[in-house]
Amino acid sequence: NDNLTLRARALPLQGGSRVLSVRDISEGMQLQKTRKAFIANASHELRTPLTVLTGYMELFENDPELPAHLLPPLQQSREQAARMQQIISDMLALSRLESQETTPIKGNRIDVPALLESSIQAIRDTLASETHLLEADIEPGLCVCGSEKDIASIITNLLANAVKHTPAGTHIHIRWQGSGDGEVCLSVEDNGPGIPQEHIPHLTERFYRVDAGRSRASGGTGLGLAIVKHVMQWHNGSLTIESKPGRTVFRACFPSERVLD
Ligand code: ADP
């Protein structure tokens, strides 16, 4: 029966014999599938009307006959619409990642140093240049196998977080190095105020923020680290978070170390 998925477990009994416990988990799996499909479809459907709304807002904003008092609320509305667009795009990314199987990715070699260079440059050009000091140690030649788009999203999320969630003057140190035991790791370290320990286990949960108001104000969706966790799982890697006042490190380690030809 295609619709039946059984989970079997051998339970030990006294005297060395065993009993087999069998449970039908197909209904739960089906519900989960339906829920994921609903999130993916809803996000997709929301995109088009939002694009139309944003287009009209831009049109009105640029109208020379627009009464001056209407400009600030119009600009605010457009900013909120842009936020919604970002949330929808993160929700779509997350639902795509969740519906993928966790399998080792073979073949597609990603030149992570090149990706890092361009992400660092992009962040230098925008947010960070004035307020944050970025330093990078990138070991050349180290690459991993996987999805370029997803690995780029890890880099962007971790870098953007180090900028968004720390005050002006913070130093950010980015490293891409082999760990010596067959792993290659991206770490993003900042000397910001740190994250209280009780929050650390929850940071990769969807929409979890230490300070929701500040996160929203800085343009966060609350989905960045959930995306990073899923990308790492999909690449058979790991994400570790260490923090104390004055030192926060996010480390994403990939299982294999490969050298570019
Ligand atoms: P957000 O969109 O809010 O950045 P994330 O999932 O990326 O969502 O991060 C979750 C929360 O983790 C953030 O709201 C913030 O409270 C905390 N956080 C992430 N990175 C840092 C950092 N480098 N320093 C301090 N707090 C951080």
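Numbering starts at 1 and runs along the sequence shown.
For the residue pair Ile227 and Ala93, the shortest heavy atom distance occurs at CD1-CB, 4.2 Å. Listed here is the closest heavy atom pair of Thr248 and Gly194: OG1-CA, 3.3 Å. Heavy atoms only, all atoms of each residue included: Ser153 and Val231 are closest at OG-CG2, 4.1 Å. Closest approach of Ala81 to Leu50, counting heavy atoms only: O-CD2, 3.8 Å. Among all heavy-atom pairs drawn from Ile154 and Ala252, the shortest one is CG2-CB, 4.4 Å. Here the shortest heavy-atom pairing between Gln177 and Leu142 reads C-CD1, 3.8 Å.
Counting heavy atoms from C-beta outward, Ser119 and Leu159 have side chains that approach closer than 4.5 Å. With contacts defined as side-chain heavy-atom distances shorter than 4.5 Å, the pair Ile172/Val188 qualifies. Proximity of Leu92 to Arg47: side-chain heavy atoms (C-beta onward) are separated by under 4.5 Å at one or more points. Looking at heavy atoms from C-beta onward, Val144 lies in side-chain contact with Trp176 at the 4.5 angstrom threshold. In this structure, the side chains of Met91 and Leu223 come closer than 4.5 Å at one or more pairs of heavy atoms. At least one side-chain heavy atom of Ser77 sits less than 4.5 Å from a side-chain heavy atom of Met57. Annotation: side chain of Leu225 is in contact with side chain of Phe250 (closest heavy-atom distance under 4.5 Å). A 4.5 Å side-chain heavy-atom check between Pro167 and Pro193 finds at least one atom pair inside the cut-off.
The salt bridge (charged side-chain N to carboxylate O under 4.0 Å, His left out) contacts involving residues 78-90 comprise Glu58-Arg78, Glu61-Arg78, where partners must be two or more places apart or lie in separate chains. Within the structure, the disulfide bond (SG atoms under 2.5 Å apart) test picks out no pair touching residues 204-247 (sequence neighbours left out). Evaluation of the disulfide bond (SG atoms under 2.5 Å apart) test over residues 170-245, restricted to residues two or more places apart or in two chains, returns Cys185-Cys253. The salt bridge (charged side-chain N to carboxylate O under 4.0 Å, His left out) pairs that include a residue from residues 218-233 number zero, where partners must be two or more places apart or lie in different chains. Sorted by first and then second residue, the salt bridge (charged side-chain N to carboxylate O under 4.0 Å, His left out) pairs involving residues 146-160 (not counting sequence neighbours) are Arg96-Asp150. A salt bridge (charged side-chain N to carboxylate O under 4.0 Å, His left out) check over residues 187-204, counting only residues at least two apart or in different chains, returns the pairs Arg175-Glu189, Glu189-Arg247. Applying the disulfide bond (SG atoms under 2.5 Å apart) definition to pairs two or more places apart or across chains, none involves residues 31-75. Screening residues 201-243 for disulfide bond (SG atoms under 2.5 Å apart), with sequence neighbours left out, gives no hits.
In this structure, Pro201 has no side chain to side chain contact (heavy atoms under 4.5 Å, CB included) partners at least two apart in sequence or on a different chain. Residues satisfying the side chain to side chain contact (heavy atoms under 4.5 Å, CB included) test with Ala136, not counting sequence neighbours, are Ile120, Ile138, Ile174. Under the ring pair (Phe, Tyr, Trp, His ring centres under 6.0 Å) criterion, His202 pairs with Tyr208, not counting sequence neighbours. The side chain to side chain contact (heavy atoms under 4.5 Å, CB included) check on Ala114 picks up Asp111, with sequence neighbours excluded.
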Next item on the list: Show your reasoning for whether side-chain contact (heavy atoms from CB on, under 4.5 Å) applies to Ser243 and Ile200.
Entry: CA-CA 8 Å; Ser243 188; Ile200 292 178; 3.8 Å; yes
Notebook entry, point to check: Can you list the steps and then say if Glu98 with Arg206 is a salt bridge (charged side-chain N to carboxylate O under 4.0 Å, His left out)?
Noted result: CA-CA 12 Å; Glu98 280 181 337; Arg206 287 179 217 122; 2.2 Å; yes
Next item on the list: Kindly determine whether Leu133 and Thr170 satisfy side-chain contact (heavy atoms from CB on, under 4.5 Å), including the steps that lead there.
Entry: CA-CA 6 Å; Leu133 295 137; Thr170 297; over 6 Å; no
Next item on the list: Mind running side-chain contact (heavy atoms from CB on, under 4.5 Å) on Trp234 and Ser147 for me, showing each step along the way?
Entry: CA-CA 10 Å; Trp234 194 54; Ser147 146; 3.5 Å; yes
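Interatomic distance, Leu31 CG to Lys36 NZ, rounded to the nearest 0.5 Å: 12.0 Å. One finds the OG atom of Ser118 at 8.0 Å from the CG atom of Leu116 (value rounded to the nearest 0.5 Å). Here the CD1-NE2 distance, from Ile110 to His235, works out to 7.0 Å after rounding to the nearest 0.5 Å. Here the CD1-CD1 distance, from Ile123 to Ile155, works out to 11.0 Å after rounding to the nearest 0.5 Å.
Taking a 6.0 Å sphere around CZ of Arg35, one finds it holds more than 12 heavy atoms contributed by other residues, nucleotides or ligands.
For the pair Arg251 (side chain) and Leu186 (backbone), a donor-acceptor distance under 3.5 Å is absent. Proximity of a side-chain donor or acceptor of Asn108 to a complementary backbone N or O of Gly146 within less than 3.5 Å is detected. Distance alone, capped at 3.5 Å, is enough to place a donor-acceptor pair between the Arg209 side chain and the Thr221 backbone. His199 places no side-chain N or O within donor-acceptor distance of the main-chain N or O of Val210, the cut-off being under 3.5 Å.
The hydrophobic cluster containing Met84 does not contain Leu94, counting ILVMFWY residues as joined when their side-chain heavy atoms lie under 4.5 angstrom apart, directly or transitively. Residue Val52 is grouped with residue Leu59 when hydrophobic side chains (ILVMFWY) are merged at heavy-atom distances under 4.5 angstrom, including chains of intermediate members. Hydrophobic cluster membership differs between Val163 and Val249, with clusters built from Ile, Leu, Val, Met, Phe, Trp and Tyr side chains linked at under 4.5 angstrom. Linking ILVMFWY residues whenever their side-chain heavy atoms come closer than 4.5 Å, directly or via other members, places Leu66 and Tyr56 in the same cluster. Taking hydrophobic clusters as Ile, Leu, Val, Met, Phe, Trp and Tyr residues chained together by side-chain heavy-atom distances below 4.5 Å, Phe207 shares a cluster with Val228.
A donor atom on one side chain and an acceptor atom on the other are found under 3.5 Å apart for Asp125 and Gln121.
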